[in-house]
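In what follows, a structure is listed as structure tokens, so that the remarks can point back to it.
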Amino acid sequence: MKELMTGNEALAYGAYLSGVRVGAGYPGTPGTQIMEKFASFPGVRAEWAPNEKVALDVGIGAAFAGTRALVSMKHVGLNVAADSLFYAVYTGLNAGLLIACADDPGMHSSQNEQDNRNYAKFARAPMLEPSDSEEAKQFAATALEISETFDTPVIVRFVTRTSHSSSVVEVDPAAVPPPTTEHKPYKREIGKFVMVPGNARRRHPVVEERIGKLREYAETTPLNRIEPGNDDWGIVASGAVYQYAREVFPEATFLRLGMVYPLPEKLIREFAGRVKKILVIEELDPFFEEQFRLLGIPVSGKDVFPIVGEFSPSLIRQAASKAGILPAAVSGFSAAPALDIPVRPPILCPGCGHRGMFTVLKEAGVVVMGDIGCYTLGAASPLEALHFCGCMGASIGVAHGMDKGGIPDRLVAVIGDSTFFHSGIHPLINTLYNQGKTTTIIADNGTTSMTGHQDHPGTGRTLQKQPTVKVDLERMVRGLGFNKVDVCDPNEMDDFRKILEDHLKSDEASVIIARRPCVLQSRERRTPPRIDPDLCTNCGTCLEIGCPPLVQQEDCVSINEAMCTGCGLCVQVCPAEVISQEAK
Amino acid sequence: MKKIDYLLAGVGGQGTILASRILASAGLELGYDVKTAEVHGMAQRGGSVESHVRWGEKVYSPLVEHGMADYLIGFEMVETARWLTYLNKNSVTFINRFRIPPLLVTLGKARYPSEKEIENLLQSRGGKVKWLSADDMAKDAGNPAMAGVVLLGALSNLVGGGQEIWLQVIKRLVPARFVEMNQKAFLAGSGAGLG
């Protein structure tokens, strides 16, 4: 039976059918739906961990115990989990461990476009890269076999266009995972699993020897293959880019790499001996290209294609034409006629609690260190009230460092609830321990909103929708030793303003929990306010909150009632007091 | 079996992802190989979004090439114009007569082009342009959020498959309590006389 699935869904399906029983991950675009899909299968345990490192430790533990495990994250999540990846390569496992990791070339929803193929080489972990959903399903099974045969974690790399593209997957409705009786018993092996220097020194040669064996495996596995065609150009490609290249070079000979690390030297030499010229087409880093060059094989690669940004068939065709590899591009691409089409960057939703918070922060004129989440949009015009965003959990530590670095302004860190659980707790302890005096605002909307409303330790529900303990942020922060802690709704601007002013005057480190449920999740709606068109002076103050339903007309501002959620923020900021709303 | 490339363009939250799933599933039902590509996450927070859907004998890339779209399905006026470079002289554009002004426009810092300007721009590529008031039609069917399904209804007349196939796909992909409403929206689109 044929079914359309995204790459994320197909990998989860393949992992389930291969007997994976334990999954752990942290949401992150474009990899979020891997664990969400896995959680939907019967008889599995799937969890959102507070962060990717914890998720990987959980997966490793499950594999130690003899159960096949799946761990999922976005590319930058592997930075967080890297420490665990490196030890797991040394210790090896017991049952198979699949780490699914999704890169985001073009940064549709990320802070960088790092190429995680480098992690495979860096950590000495084999890496596979599917080019569509059917391969994602199949590669899950292969990855787990490799993991058990070679006693190593295996990474399956996605990019946005394999994670979030749908294609046809063969589904056998009668297929079921192998029975749990195939469970491998756990054995205590101190020399293998306790990575003190003496043991680790004995394990490192094992790791290098294993990579040698995997290189041999790469020579013969059907994951890598030469697809014969016209030998004038030999194209080297993997993943989504393989599919683009197939379309642009329908006749060429291909070296298709399903296993991107380690690479098969003999197969590469055979390919090089067969074709006249080699063109390596790869997004981001010249990862294959460098390996070819190390083997002394001349190739074209980054001299033709960019090192930055996402590829597409159009981009490949353009670049290859420009380099004279293809005749001048025949596609209809041409410059658009002159007409200014206004840009439409993402914005905070109407009714979002972050809008009230940033409006007050902007008024206060403080320097705000931000973090990763919807509230990063507080940096966008017209609010422009967030002045840094680097990675998950960075806001609090950077604010403390700026404070110690001598910035005279009172510093504020803004971090979301899910991000706080991810990596905000340690820097908050640091601020307290190292006698800081910054104010941390935990923007608590009760969910992981940007990635699509996933549960976390503060929601009281697990990924598989079981009720569980709800970590109380206020008690937790007080438990750490903070004396100055307040909770309020940031869209009640007067309350929030008073609390903020009080905290900014204080000379101790403090925490404000700015709590308002995500409007997309709560779906709370009140009657939209009314603007009296005769009294509105069209001063534009209300527009400064950047709320989409407020539209400037010729003589006054109007409210698009279809979009408005009735949050009442504009009522609070109007200096002429001409916006009115029924009482709650 | 001829290839058919579609581009669906709109504003995050307008339902382009559901519409692209319906379109992809209909293609599969009609015997095509199918691929789609879409974006999630930050891009969806009220920003410009586009979905690619491709039908063919054998589809490699999930992304449509510039100048190669057979159909552009625009959920919002300027968002339709934004993807102009995907059109060619044989393309057909279905455009929803509906504006969601970008923030720069509501702030008075940019101008929203007129319907005529958008029409001229789309015409400049040489293809056909078909206008629908899909939001109004969806509202009549029960909820303006179904504008995408109205657009698919209009499109369905041109790309084959009896109505039954599409209505079945909608039944499979839409939550049970919304099925009837969505089927009504689809039929309103297909009955709009734009075939």
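Letters go in sequence order (proteins before strands), and every chain restarts at 1.
- Heavy atoms of other residues, nucleotides or ligands lying less than 6.0 angstrom from NZ of K37(A) number more than 12.
- When each of L550(A), L348(A), T6(A) is checked for heavy-atom pairs under 4.5 Å with chain B, L550(A) comes out on top.
- To the nearest 0.5 Å, atom CD of residue E38(B) and atom OG of residue S165(A) are 8.5 Å apart.
- Between E29(B) and K2(A) no salt bridge is recorded (no basic side-chain N to carboxylate O distance below 4.0 Å).
- For a residue to count as touching a neighbouring chain, one of its non-hydrogen atoms must lie under 4.5 Å from one of that chain's; by this rule S381(A) touches chain B with backbone and side chain alike.
- Between V78(B) and R344(A) the shortest side-chain heavy-atom distance falls below 4.5 Å.
- A heavy-atom distance below 4.5 Å is not found between the side chains of P313(A) and Y60(B).
- Only the side chain of L104(B) comes within less than 4.5 Å of a heavy atom in chain A; its backbone stays farther off.
- Of the two parts of V343(A), the backbone and the side chain both hold a non-hydrogen atom closer than 4.5 Å to a non-hydrogen atom of chain B.
- Within the 4.5 angstrom heavy-atom criterion, only side-chain atoms of L520(A), from C-beta onward, approach chain B.
- For chain B, no part of C352(A) is nearby; none of its heavy atoms comes within less than 4.5 Å.
- If you measure heavy-atom distances from P30(A) to chain B, you find no contacts under 4.5 Å at all.
- In this structure, the portion of V105(B) lying under 4.5 Å from any heavy atom of chain A is its side chain and not its backbone.
- Shown are P382(A), C547(A), P345(A); of these, the side-chain contact (heavy atoms from CB on, under 4.5 Å) with L103(B) is made only by P382(A).
- Rounding to the nearest 0.5 angstrom, the gap separating the OG atom in S61(B) from the CZ atom in R246(A) is 13.5 Å.
- For K109(B), the part lying under 4.5 angstrom from a heavy atom of chain A is the side chain only.
- The backbone N or O of P342(A) lies less than 3.5 Å from a partner atom in the side chain of R82(B), making a donor-acceptor pair.
- Residue Q553(A) does not touch chain B at all, counting heavy-atom pairs closer than 4.5 Å.
- Residues K35(B) and Q243(A) form a side-chain contact, since some pair of their non-hydrogen atoms from C-beta on lies under 4.5 Å apart.
- The greatest number of non-hydrogen atom pairs below 4.5 Å with chain A, out of A37(B), G108(B), A24(B), S25(B), is found for A37(B).
- The environment of NZ in K171(B) is sparse: at most 12 heavy-atom neighbours from other residues, nucleotides or ligands sit within 6.0 Å.
- Chain A forms more heavy-atom pairs under 4.5 Å with one residue of E117(B), E79(B), H52(B), R111(B) than with any other, namely E79(B).
- The backbone N or O of S166(A) lies less than 3.5 Å from a partner atom in the side chain of T36(B), making a donor-acceptor pair.
- Put simply, CD1 on I341(A) and OH on Y112(B) are 10.0 Å apart, with the number rounded to the nearest 0.5 Å.
- In terms of non-hydrogen atom pairs under 4.5 Å with chain B, the most contact-rich of Q552(A), E3(A), E247(A) is E247(A).
- Heavy atoms of L4(A) lying under 4.5 Å from chain B belong to its backbone as well as its side chain.
- For K58(B), the NZ atom counts as densely surrounded, since its 6.0 Å shell holds more than 12 non-hydrogen atoms of other residues, nucleotides or ligands.
- In this structure, the separation between CD on E310(A) and CG on L63(B) is 6.5 Å, given to the nearest 0.5 Å.
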Quiz item: side chain to side chain contact (heavy atoms under 4.5 Å, CB included) between E65(B) and I316(A): does it pass, once the steps are laid out?
Solution: CA-CA 10 Å; E65(B) 281 198 62; I316(A) 292 172; over 6 Å; no
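- Taking OG from S167(A) and CG from D33(B), the interatomic distance works out to 8.0 Å, rounded to the nearest 0.5 Å.
- Of the two parts of N560(A), neither the backbone nor the side chain holds a non-hydrogen atom closer than 4.5 Å to a non-hydrogen atom of chain B.
- Contact detail for S314(A) and V64(B): the closest heavy-atom pair is OG-O, 4.4 Å.
- At least one side-chain heavy atom of L28(B) sits less than 4.5 Å from a side-chain heavy atom of V168(A).
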